[in-house]
Amino acid sequence: MTVAAEPVSNVARGIATSMASQLVARVLHVSLNIVSSLAIIHYLSPGTYGDYVLALGVTTMFGLFADFGLPKLAVREISRDRSCEGEIIGTVMMLRLVLTVAAFAFTQVTLFILGSSAQVHVVALVLSTLVLSESLLTVIVAFHVRLEQHYEAFVRVFTEALETSAVLLLVFNHATLLQVVAAPAVASIITFVLAAVIARRRYRLAISVAVRLLPKLLTEALPIGPALLAGVLWLKLCSVLLAAVRSQQEVGFYGAAFQPVEYLFLASAVLINVLFPVLATAHGHDPARFHNTYSYGSQGLLVAVLPVSILLIGLAQPLVNAAYGADFAAAAGPMRLLAVALVFMVFSTWLGFVLLSAGRQRVTLVYDLAAVPTAVVAGLLLMPRYGALGAAMTAAITSGGVVVAALYATRKLLGLRIGSARVARAVGANAALAIALWGFLALGTPWWAALIGAGLSYPVWLIVFGVVRLEQVRGSVRLLGPVPAGVRGG
């Protein structure tokens, strides 16, 4: 299929629409998740919540094995050539379903090795349904390559609302842990059905399995899958190792601390998922646009994640007290360290996608694999003594090392640089934000008022330090295009 240019306005409109809809959806998604998570945390004791965290952590860890990086590979391939869209989506879906069976088995074997209770095994089995539905949700690739991710946003928010309502109803009626975790499983199946119906009616998407595509897809995915698994493994290993060396109560503290950080980490996908098809299409076709997409994307992530980390560090204790109650007060310390790790986690993910768009996924595999023994060694040294705080230290140390390796790889192999001046301006604006937050708290301002006041001051600091300028906004739109028609279209 030949690649034709599309007007810049269409691409810019698609990026803006996708980012806006995804941002709204993430805000609603996180808000609903906070409601359901708080309900579960308040309903369960720290020990029982620790069982839930362990089951969810192991299930998520091996759920990434079923992902194997195949959805992003499908986005990259279809962005470059739309002629085989239905076959690529269908073949990837089939491969993910096969891997899902293996993920089920790995989850149960790992819990057996850890000596988990029968309840944890059953809860993990129910949560594994989420892995199955995500494999079926490969159909959302059709939304991504067209930069029409508002359809995905709609179905996820709709089903998240159903899930939250079900969780609240179950908690109110004193349901068992198993019944509570069944709500997300049912909602995930509804998400797939809605997404499949929209893709079929909107694009007339006909899914099929093409055996001839298997060698290429498997060859390309071979380094992506292990890299993705290793990337999540070193992150999730913290809770797994903690369960092995400390009590379930400590696991509960760490899980409570990690909960908001995980939501914020997932929110970074708003920018990353939208820019990935643009990067994939630009590489090898328009080096200038590839470099500028990377540069502006990196700066955008830095501007978005740094203030969140600063506010979370400064307000961890009152946030934990207000959200979780006195029983989880010990989660504040780990939350501060995880807020630092959040910055590293977001950038390691972004840089991994940049390398994938350029076909350098094998490099990502190398440094992610190296991170696994780093996490194990750091965890075994820190967790027995410091518990949940040691787990957070491990996450921060490991994610920091991964970012250093990823930055070196993108600079050495792709010649990409964010620019020291841009980094300095963003850091300056966030230093001013930290001072403003400290000032509000020093004056005895209630924590929620300090949060609002400091947050409202942030746009001012962005302008003062020259991070946001009108000419930059105009220039970014010009530098994005033109983009090949393979990125969008019905």
Checking Ser309 side chain against Leu306 main chain: does a donor-acceptor pair fall under 3.5 Å? no
Between CE on residue Met93 and CZ on residue Phe192, distance to nearest 0.5 Å: 5.5 Å
Rounded distance [0.5 Å steps], CG in Leu194 versus CD1 in Ile189: 11.5 Å
A side-chain contact here means heavy atoms from C-beta on lying under 4.5 Å apart; do Val402 and Phe344 qualify? no
Calculate, to the nearest 0.5 Å, the distance between atoms OH and CG belonging to Tyr408 and Leu351 respectively. 15.0 Å
Does the side chain of Ile78 reach to within under 4.5 Å of the side chain of Ile89, using non-hydrogen atoms? yes
Glu250 side chain reached by Met383 side chain, heavy atoms, under 4.5 Å: no
For the atom pair CG (Leu137) and OG (Ser188), what is the distance rounded to the nearest 0.5 Å? 8.0 Å
Closest approach of Ala358 to Phe290 (non-hydrogen atoms, all atoms of both residues): CB-CZ, 4.3 Å
Yes or no on side-chain contact (heavy atoms from CB on, under 4.5 Å) for Leu407 and Arg411, after CA distance, side-chain angles and deciding distance? CA-CA 6 Å; Leu407 283 171; Arg411 177 176 293 189; over 6 Å; no
OH (Tyr254) and CG (Leu338) are apart, to the nearest 0.5 Å, by 5.0 Å
Here the pair of heavy atoms bringing Leu241 nearest to Ala375 is CD1-O, 4.1 Å
Run the side-chain contact (heavy atoms from CB on, under 4.5 Å) test on Thr364 and Leu356 for me, step by step, so that the C-alpha distance in whole Å, both residues' side-chain angles and the decisive distance to 0.1 Å come before the verdict. CA-CA 8 Å; Thr364 308; Leu356 172 60; over 6 Å; no
Atom of Phe104, atom of Leu132 and distance for their closest heavy-atom approach: CZ-CB, 4.4 Å
For the CG atom of Leu342 and the CE atom of Met335, what is their distance to the nearest 0.5 Å? 11.5 Å
Testing the basics here: between Ala195 and Phe143, what is the closest heavy-atom pair and its distance to 0.1 Å? O-CZ, 3.7 Å
Closest heavy-atom pair and its distance - Ala74, Val92: CB-CG2, 4.1 Å
So do the side chains of Tyr294 and Leu414 get within less than 4.5 Å of each other, counting heavy atoms only? no
Tell me whether Ser399 contacts the main-chain N or O of Ala396 through its side chain, where contact means a donor paired with an acceptor under 3.5 Å. yes
If you define the side chain from C-beta out and look only at heavy atoms, does anything of Ile88 sit under 4.5 Å from Leu213? yes
side-chain contact (heavy atoms from CB on, under 4.5 Å) for Thr374 and Thr394? Distances and angles first, verdict last. CA-CA 9 Å; Thr374 301; Thr394 301; over 6 Å; no
Considering non-hydrogen atoms only, spot the tightest contact between Gly90 and Val209 and give its length. O-CG2, 3.8 Å
Does any part of the side chain of Val403, heavy atoms only, come nearer than 4.5 Å to the side chain of Trp350, both counted from C-beta? no
Within a strict 4.5 Å, meaning less than it, do heavy atoms of the Leu214 and Leu95 side chains meet? yes
Would you please classify the geometry between the Phe353 ring and the Phe276 ring as parallel, tilted or perpendicular, with 30° and 60° separating the classes? perpendicular
Thr164 side chain vs Ala161 backbone, donor-acceptor pair below 3.5 Å: no
Using a 4.5 Å cut-off on heavy atoms from C-beta on, say whether the side chain of Thr91 contacts that of Leu217. yes
